[in-house]
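All values derive from a computational prediction rather than experimental measurement. Throughout, protein chains are lettered first and strands after them, A, B, ... in sequence-line order, and every chain is numbered starting at 1.
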Amino acid sequence: MVTGAAEARFLPRSQLQVLIDLLAEDGRRVIGPTVADGAVVYDEVRSPDDLPVGLRDEQAPGSYRLVETGTPRVFDVTVGMTSWKRYTFPPIVPLTRASREDGHLSLESSAETPELLAFLGVRGCELAALRVQDRVLAGGPFVDTDYLDRRQSSLVVAAQCTRAAKTCFCTSMGTGPEAGEGADLVLTELDDGFLVESRSPMGDQLLDRLPADLAEPAQQTAARLAVAATRESIGNPVATEGLHDRLLDALDSPRWQEVADRCLACANCTLVCPTCFCTSVTQRADLDTSTIVAERSWDSCFTAGFAKVAGGSFRSRRQDRYRQWLTHKFATWIDQFGTSGCVGCGRCISWCPVGIDVREELEAIAPPAEGLRKHPQLAGGTGPATYSIGTIRSIAAETADTYSLVIDGIDPTITNGTPGQFLMVEQPGFPAFPISISRYGLDHVVLTVRAAGPATSHLVHSEPGTEIGLRGPLGVGWPVERALGRDVVIATGGIGLAPLRPLIDALVSARDRFGRVRLHYGARTPRDMLYTDELASWPELGIEVALTVDRAGPEWLGRVGVVTQLFDQDDWRGQPAVAYLCGPERMMQVAVRTVGERGIPAERTFVSLERHMECGIGLCGHCQMGKVFVCRDGPVFSVAQLGDALNVEGL
Amino acid sequence: MPAADSHLHPTRPKAPAEAIARPRVGVAKLTSCDGCQLTILDLEDHLLEIAAAFEIVEFPEATSNRSSGPYDVLLVEGSVSTPEQVEWITELRRRAGILVTIGACATAGGIQALRNWGNEPAWRASVYPRPELLETLATSTAISDHVVVDAELRGCPIDPHQLLELLASLRVGRRPQLADEAVCLACKRRGTVCVVVAEGIPCLGPVTQTGCGAICPAFGRGCYACFGPKEQANVESLAAWFAEHGVDETSVPRLFAGFTAYAPPFREQAERATRHAHGQKERTDA
Amino acid sequence: MHESTGAGPGLVPPAATGGRDGEVRFEVAELTRVEGEGSLKLVVRDGEVVEAQLAIFEAPRYFEQLVVGRTPDEVIDIVARICGICPVAYQMSAVHAFEDLFGVTVDPAVRVLRRLLYCGEWIESHALHIYLLHAPDFLGYPSALEMAADHRDLVAQGLRLKRLGNRIIEVLGGRAIHPVSVRVGGFSRAPRRRELEALLPDLEAAIPEAQATLDWVAGLEPPDFVRDPLLLSLSHPHEYPYNDGRIVSNDGIDVGPDEWGSAFHEEQVAWSHALQARSHSGEMYLLGPSARVTLSPETLHPLAAEGLARVGMADEIRRNVFRSIVARGVELLHAIAEARDIVAAYAEPDVIRAPWTPRAGVAAWATEAPRGLLFHRYELDGDGLVRHAQIVPPTSQNQGAIERDLAGFAPGIMSLPHAEATHRFEQLIRSYDPCISCATHFLDLRIEEAGEPAP
């Protein structure tokens with residue numbers, strides 16, 4: 001974090017008006033987040049009441065809502081519909097005035113003197129966007145003087161984000177949530193006020209005149225933690241490493257046509273984008289032709305006329321335009337200007353009328369190569385010989401042959417695992433085997449084990465107090481963050497519910513961050529169902545539970561009743577949902593197909609695979625499947641990753 | 001002569017390379033409400049200037065002076081819906097140097113095109129006890145389905161600024177600057193909050209040609225496409241989105257059965273809506 | 001119908017004498033300076049008028065069928081397109097009919113905003129008619145554009161007033177023609193106070209200009225044509241009739257605004273696409289400014305009442321239809337004055353759009369378009385969709401009276417040169433300010449099932 005010349009101060013909430021008044025000196029107009037027609041837009045701010053007091057935003061692809069928080073906080077919203085380019089690079093600007101008199105032509109600049117402005121509440125991603133536009137519009141051999149004048153007439157007061165929307169991905173683009181360069185002051189909101197730091201000589205002057213004491217260490221820590229928590233909550237949704245080359249290698253991907261089938265070429269994404277800078281010049285209509293004014297207005301590479309020449313258009317198809325936009329923004333921009341054109345603000349995701357999500361499109365069009373995928377919880381120093389010790393605290397029967405074991409006294413890295421990960425369980429004399437963690441506790445985990453062979457039988461018939469060896473947590477788990485803001489479909493059968501239970505726990509723990517959640521669960525008989533207490537109580541926690549049992553014959557897989565029956569209800573379809581599937585292989589094959597037919601794309605359909613594993617860390621070769629090792633690159637995969645592998649017999 | 005794709009390529013100027021000093025202008029009307037002609041008279045601040053710059057030789061609503069042409073520029077509003085009008089527009093085409101169709105009736109058939117799916121005979125009989133006294137066609141169609149059109153001003157009614165732009169372009173000798181893009185650009189330049197994203201209100205702006213200045217979202221309701229479909233209008237995608245976000249299945253097609261219902265990209269949805277509205281069976285050979 | 005191609009609607013000289021001896025024909029194939037497409041045909045034989053036709057040849061558009069299966073808010077958008085000059089009137093009659101059936105009570109400020117919207121349309125329509133359509137007749141010009149060459153300031157004044165009316169509609173409804181914000185329950189958007197305030201200086205300046213307009217039109221010399229017409233309009237105890245009141249006549253009709261059908265019906269005539277209205281006893285009524293000024297003078301704005309008294313033409317307005325231009329002048333002044341008062345006192349409403357639930361039943365209402373009473377009647381099904389519609393525009397109600405007046409006027413001008421007499425007939429027709437794009441109506445016939453699609 002860049003440190004300013006002056007030390008950090010704390011401005012009580014009650015003194016925020018003083019800051020606004022200071023900024024408004026010398027006739028400056030203070031522009032900040034205000035609320036209009038259900039969204040945050042940047043407009044004039046005269047008092048703290050004009051700010052989004054007690055509001056936060058709920059954003060998702062194609063959706064934006066404001067929700068009341070009941071607090072006096074003003075920066076719980078993130079980015080709204082407008083960006084600062086509305087003021088630095090206005091939608092319509094007069095350029096030249098042409099007039100003829102006595103046969104002489106004069107062409108004059110129509111430049112207006114920009115007014116003095118102060119931008120209040122500029123986020124990390126937006127500061128980055130200003131830096132990007134500085135580079136594009138004023139950092140080359142030809143300078144947009146109107147832009148430069150406006151930039152130089154504006155003070156910048158940044159606000160570090162203490163909350164993220166579900167569409168944010170500044171972390172992946174390296175632009176936030178911490179405020180980078182380019183601000184005069186930086187605010188970080190706490191419950192009772194704001195930490196204020198200076199980043200420029202002008203900022204120093206302002207800071208001096210604020211009724212703000214030196215910030216106490218506790219306040220500075222609180223601010224730092226709040227921003228760190230924001231960073232944590234976003235995670236790393238976009239794999240940017242090597243993205244430039246991956247995109248440019250994928251110009252022939254069939255995915256462009258798929259997204260074009262959804263894309264409306266309406267240009268909303270480019271107009272809400274804080275870095276898009278394409279414009280057109282039009283002649284203002286005038287019957288009196290002695291004086292004609294030419295104007296510059298926002299345009300977009302998505303419009304029909306953008307790439308038109310006398311012979312036609314270079315980009316007549318929607319897919320050409322979408323490809324142009326994405327590859328320019330994420331790849332060729334780097335070649336032109338040295339940085340990515342995207343700052344991860346997420347506006348294009350929320351304000352797309354049909355909810356196209358660039359994070360998803362990038363993943364689908366230019367997926368990171370296997371092996372580059374980060375493994376979030378690799379236990380340090382894990383090797384084929386390393387185990388830690390855990391103790392069986394209790395054993396409870398779930399069904400006739402399946403038991404849940406509570407294991408405590410374990411290495412803390414195990415309780416820090418993620419839903420969908422597994423442990424290798426070692427009992428002296430028996431082969432080690434993998435078991436999914438079926439619940440995380442503060443100091444314990446639960447393993448749900450079916451007594452299928454000697455090793456597992458030995459485990460489930462052990463006495464409480466018995467110590468066992470554990471390696472893990474291993475593998476790539478369920479990507480819960482992909483479900484943020486979306487409906488969730490979970491389909492599983494029999495013991496397949498075990499690796500899904502931690503996922504459901506995660507959904508329940510932050511229920512309001514997800515859409516509708518429905519669990520489809522089937523078993524041979526009611527007595528073969530796991531976690532019957534929870535199945536009864538989950539509905540009260542907002543998880544819809546649809547159960548089915550199939551008594552017909554020993555090979556119930558043949559009918560795959562759970563899947564076809566439970567998907568009969570017609571009240572969800574397609575785009576907004578995520579699917580998590582786990583169960584017998586044939587069930588999963590049918591489920592994957594059914595879910596795909598209902599419109600959930602392969603990138604958002606996740607399966608957990610089971611394979612023979614001996615080491616659990618991709619070194620023994622047993623679980624190799626095509627390009628992946630199920631233990632190390634899975635066991636959770638998106639269907640897109642697997643491609644055809646799931647259906648190829650014997651793979 | 002049909003120009004089936006004229007909705008996609010609205011402007012085909014005959015490119016008069018030089019400006020005409022004081023063009024002879026005519027205004028004619030087929031089947032319509034008069035609103036587009038009235039837009040000319042609604043340019044109150046410019047009307048006398050227009051009368052000086054152009055010689056208005058034929059404009060029955062405004063002047064008793066008549067002229068049967070020829071016209072340098074002929075503005076025609078209204079759709080073709082009677083046999084007489086088919087002959088008449090062909091005749092007008094002969095008399096016009098530049099033929100400009102104005103308004104949704106002239107450029108797309110208008111709201112009255114909802115009869116095009118087989119309803120007209122029944123409707124005529126239901127309105128008039130002696131339907132044989134009237135001569136009408138079964139369809140109401142755009143003028144460009146009958147003759148070549150040089151330029152189009154879309155809208156219901158047309159936009160006064162676009163009208164001024166057309167007149168200004170005639171003075172200068174340039175092609176009229178009529179943007180071929182979605183209403184969304186006008187909304188975003190204006191700073192209007194998107195009603196689809198922020199309120200879930202169905203709005204056809206993303207598939208509609210701009211020109212009105214994005215009035216409807218600025219007034220808290222969704223666009224109803226009175227300027228007709230933009231190029232590459234992706235109706236299926238938008239319709240699917242609305243169907244999944246709170247608009248019931250029978251109402252989605254009705255969104256497209258408006259003042260430009262017969263424009264090809266909207267036609268399929270509009271037909272479905274109209275048949276449903278009148279209790280007709282779906283077409284099985286669709 | 002009208003002339004076929006060949007010559008087309010170019011200049012067709014009025015037919016002079018032709019045919020049998022003693023027969024004089026007056027024909028204008030396409031009337032000018034009226035809204036919509038109509039033609040005049042008048043035949044006098046042996047000094048007696050044997051045919052007087054205002055034939056309307058607007059191609060039918062079947063609006064009563066276009067609204068079938070549509071929701072109330074869609075209907076409001078659709079019916080505006082019946083007329084480009086008075087779309088607000090169609091939206092008002094429709095929205096009030098639906099709100100009456102659904103039992104919706106709008107915010108009082110919404111009611112006021114609707115009156116303001118109607119003021120805007122009346123101002124625009126009356127200024128259009130007075131200055132651009134009708135006055136040229138009195139001063140002997142073919143159009144206001146020629147009139148402007150000699151009377152530039154006068155025409156500029158008329159255009160200013162018309163523009164002001166349009167600006168009011170734009171502020172409330174987004175655009176002057178086919179405004180977008182009228183919804184069941186109110187408006188989709190409340191204007192900000194500062195948006196309306198911006199109109200105030202021009203509204204203030206318009207009042208003396210409207211008074212000058214009234215004085216001017218009162219001084220225009222009309223042909224002498226006196227009769228004793230039956231008049232019909234809405235009438236309200238407290239306000240000049242726009243959106244509300246009872247349907248009353250000067251011969252005792254007094255029914256609710258939803259009860260037009262209890263006193264009137266429509267008939268088809270062979271020569272016209274427009275159905276004509278008659279009372280059940282066969283009478284023809286005159287609607288519009290002359291009727292309103294005569295039937296409701298006590299609710300005029302004080303400035304308009306004072307103007308009417310000053311020009312002293314209340315009785316002439318009633319009896320000589322050529323004086324309708326004066327009635328319009330009175331109403332223009334009224335609308336501007338009322339608009340000024342509304343804008344000066346405007347406070348944004350608490351609820352710009354009241355919630356509502358559709359219900360099955362009959363929705364009917366009449367409001368006063370600039371040209372007169374406009375009646376709508378809709379039958380809705382259980383889903384709140386329209387199943388049947390009847391729309392009766394003022395022109396269809398006036399038409400019988402127009403033709404009767406043509407016949408009555410003829411004897412007085414037979415001695416004039418033919419061209420001038422024809423011109424007088426046209427001027428008579430223009431006095432009614434006919435708005436004849438509204439050429440589709442629905443008789444009380446029902447189709448049980450829609451016909452099979454045409455092959």
Next on the checklist: Applying side-chain contact (heavy atoms from CB on, under 4.5 Å) to A:Trp351 and B:Val193, what does each step give before you reach the verdict?
Outcome noted: CA-CA 10 Å; A:Trp351 297 96; B:Val193 174; 4.1 Å; yes
Checklist outcome for this item: The interface call for B:Phe54 against chain A, heavy-atom contacts under 4.5 Å, is side chain
Next on the checklist: If you count heavy atoms of other groups shown closer than 6.0 angstrom to CD of A:Gln319, is the number above 12?
Outcome noted: yes
Checklist entry - Taking all non-hydrogen atoms of both residues, which atom of B:Leu185 and which atom of A:Ala267 are closest, and how far apart? => result CD1-CB, 3.5 Å
Checklist entry - So which part of A:Gln59 gets closer than 4.5 Å to some heavy atom of chain B, the side chain, the backbone, both or neither? => result neither
Checklist entry - When heavy-atom pairs shorter than 4.5 Å are enumerated against chain B, which of A:Ala39, A:Pro61, A:Gly62 gives the highest number? => result A:Gly62
Checklist entry - About how many Å separate CZ of A:Phe302 and CD of B:Glu181, when rounded to the nearest 0.5 Å? => result 13.5 Å
Checklist entry - Should we say atom CZ of A:Arg65 is surrounded by more than 12 heavy atoms from elsewhere, each under 6.0 Å from it? => result yes
Item to check | Pick from A:Asp43, A:Thr82, A:Val272, A:Thr282 with the largest number of heavy-atom pairs that fall under 4.5 Å of chain B | outcome: A:Thr282
Checklist outcome for this item: Heavy atoms of B:Cys184 and A:Cys266 approach each other most closely as CB-O, 3.5 Å
Checklist outcome for this item: Most heavy-atom pairs under 4.5 Å with chain B, out of A:Gly355, A:Ser316, A:Gly38, A:Ala304, belong to A:Ala304
Checklist entry - Are B:Asn234 and A:Cys263 close enough, and set up right, to give a side-chain contact (heavy atoms from CB on, under 4.5 Å), and what steps lead you there? => result CA-CA 7 Å; B:Asn234 193 346; A:Cys263 175; 5.5 Å; no
Item to check | Considering all heavy atoms, the nearest B:Lys188-A:Leu271 contact | outcome: CB-CD2, 3.4 Å
Checklist entry - Should we say atom CD of A:Glu597 is surrounded by more than 12 heavy atoms from elsewhere, each under 6.0 Å from it? => result yes
Next on the checklist: With a 4.5 angstrom heavy-atom cut-off, is it the side chain or the backbone of A:Arg318 that approaches chain B, or both, or neither?
Outcome noted: both
Checklist outcome for this item: Counting heavy-atom pairs under 4.5 angstrom with chain B, the leader among A:Leu287, A:Asn268, A:Thr303 is A:Leu287
Checklist entry - How far apart are the C-alpha atoms of A:Asp261 and B:Ser237, what are their side-chain angles, what is the distance that settles it, and do they pass the side-chain contact (heavy atoms from CB on, under 4.5 Å) test? => result CA-CA 7 Å; A:Asp261 285 341; B:Ser237 173; over 6 Å; no
Checklist entry - So which part of B:Thr208 gets closer than 4.5 Å to some heavy atom of chain A, the side chain, the backbone, both or neither? => result neither
Item to check | Point-to-point distance, once rounded to the nearest 0.5 Å, from CZ of A:Arg284 to CG of B:Leu164 | outcome: 12.5 Å
Checklist entry - What part of B:Ile50 gets closer than 4.5 Å to chain A, counting heavy atoms only: side chain, backbone, both or neither? => result both
Checklist entry - Are any of the side-chain nitrogens in A:Arg321 or B:Glu231 under 4.0 Å away from the carboxylate oxygens of its partner? => result yes
Next on the checklist: Given 3.5 Å as the limit, does a donor-acceptor pair link the side chain of A:Arg317 with the main chain of B:Gln232, or not?
Outcome noted: no
Checklist entry - Between B:Gln177, B:Glu165, B:His46, which shows the greatest number of heavy-atom pairs under 4.5 Å with chain A? => result B:Gln177
Next on the checklist: How about CZ on B:Arg22, more than 12 heavy atoms from neighbouring residues, nucleotides or ligands closer than 6.0 Å, or not?
Outcome noted: yes
Checklist entry - So which heavy atom on A:Asp37 is nearest to which on B:Ala198, and how close? => result O-CB, 4.2 Å
Item to check | Minimum heavy-atom distance between A:Trp298 and B:Arg189, given as atom pair plus value | outcome: O-NH2, 2.6 Å
Checklist entry - Hey, which of A:Ala260, A:Ser280, A:Ala265 has the most heavy atom pairs under 4.5 Å with chain B? => result A:Ala265
